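To keep things clear, I will list the structure first and then write my remarks on it.
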Amino acid sequence: MANNNGQESDRLWSLKSLPSMDDKEFIRWQDLLEKRTGMNLPLERKVFLQTSLGIRMREIGCPSYQAYFDMVAKGAKAMVEWTVLVDRLTVQETRFYRDADAFNLVRDYLCTRPPHALTQKSIEAWSVGCSTGEEPYTLAMIIEETLEAEKLKGYYGVTGTDISIPALAKARAAVYPARKLVTLSQERKDKYFKQLSDNEFAVMPKLKERVCFSRVNVLELKDAPMHGMTIIFCQNLLIYFKRWRRKEILNRLAERLVPGGLLVLGQGEIVDWQSPLLERIPNDNTLAFIRHNERDN
């Protein structure tokens with residue numbers, strides 16, 4: 001207990017000792033983040049940015065926001081430090097089966113597909129902004145269970161993409177603390193995980209081999225290799241972007257779906273977007289769309 005109190009005191013001391021950030025400096029950082037990642041950081045999040053930057057600066061002994069800006073904007077180590085910073089600024093606290101309503105909709109969608117759609121072609125799912133991997137592994141569980149329940153032998157693959165290299169490394173390692181599994185039933189824990197210690201669980205190889213990860217910046221979706229997707233799952237990502245940018249991202253994602261494919265978004269992340277390619281699914285708990293079949297157009 002004493003050690004925890006000491007760590008908390010150190011953290012509070014470090015926050016109090018951070019250099020102040022004026023509005024001009026904030027706008028400079030705001031513009032850099034917007035240009036490189038599309039991330040929209042409003043003025044009310046200035047304290048968050050100041051804290052995140054300041055703690056990292058203290059770790060590496062950087063004396064000012066100007067010096068740190070120069071470090072991530074240019075120089076031999078710029079991209080390495082930029083990767084660390086993006087990892088600090090993106091929220092990565094997630095769990096398996098986090099949004100039960102959304103994942104249940106995916107299950108229902110698969111169950112209502114004709115059997116040939118699940119067996120004649122590969123089921124391809126894409127988790128956009130996958131963070132440390134809980135979401136794509138959950139999608140793999142659902143697809144696996146659907147095929148088993150329908151007594152079908154089909155191939156499937158799940159791709160998780162994110163901008164954070166450290167987060168993707170954790171996703172590929174597929175080892176998680178117990179708190180990440182709290183939303184899973186005991187049956188799923190036993191089936192899909194091997195317990196390594198009291199607090200560590202590893203994804204079973206059978207499931208892990210169905211999931212791959214790649215670094216993708218959503219500002220560069222036109223160059224992303226994902227096409228012909230059966231399911232695209234994009235939750236808790238669009239909130240970081242301005243409204244016009246959200247629509248641009250969604251238009252790109254809609255193009256990547258196969259006819260009849262499913263797009264799942266987070267509730268409240270977009271309210272005024274429509275695509276001629278898609279039809280919204282009537283559902284009070286989840287925001288989702290189906291791509292029109294070609295014969296319907």
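Bear in mind that the values here come from a model prediction, so they are computed numbers and not experimental data. Along the sequence shown, residues carry numbers from 1.
When all heavy atoms of Asp162 and Cys130 are compared, the closest pair comes out as OD2-N, 3.4 Å. A pairwise comparison of heavy atoms in Pro259 and Asn293 identifies C-OD1, 3.6 Å as the closest pair. The minimum heavy-atom distance linking Glu148 with Lys191 is given by the pair OE1-NZ, 2.6 Å. In this structure, Ile163 and Arg215 approach most closely via the heavy-atom pair O-NE, 3.0 Å. For Ala140 against Tyr156, the heavy-atom pair with the smallest separation is O-OH, 3.6 Å.
Using cut-offs of 30° and 60° for the angle between ring planes, the Phe96 and Tyr137 rings count as tilted. Using bins of under 30°, 30° to 60° and over 60° for the plane-to-plane angle, the ring pair Trp29/Phe69 lands in the perpendicular bin.
For the atom pair Ser131 OG and Lys170 NZ, the distance stands at 8.0 Å (nearest 0.5 Å).
Between the side chains of Thr94 and Glu134, no donor-acceptor pair of N or O atoms lies under 3.5 Å. Neither side chain, Glu255 nor Asn251, offers a donor N or O lying under 3.5 Å from an acceptor on the other. For the residue pair Glu124/Ser122, the side-chain donor-acceptor check at 3.5 Å is satisfied.
Between Met141 and Leu184 the shortest side-chain heavy-atom distance falls below 4.5 Å.
In the displayed structure, Glu187 atom CD is contacted under 6.0 Å by at most 12 heavy atoms of other residues, nucleotides or ligands.
By the rule that hydrophobic residues join a cluster once side-chain heavy atoms approach within less than 4.5 Å of another member, Leu89 and Met71 end up as members of one cluster.
Counting only distance, with no hydrogens or angles, the side chain of Lys247 and the backbone of Gln274 share no donor-acceptor pair below 3.5 Å. Counting only distance, with no hydrogens or angles, the side chain of Glu200 and the backbone of Pro177 share no donor-acceptor pair below 3.5 Å.
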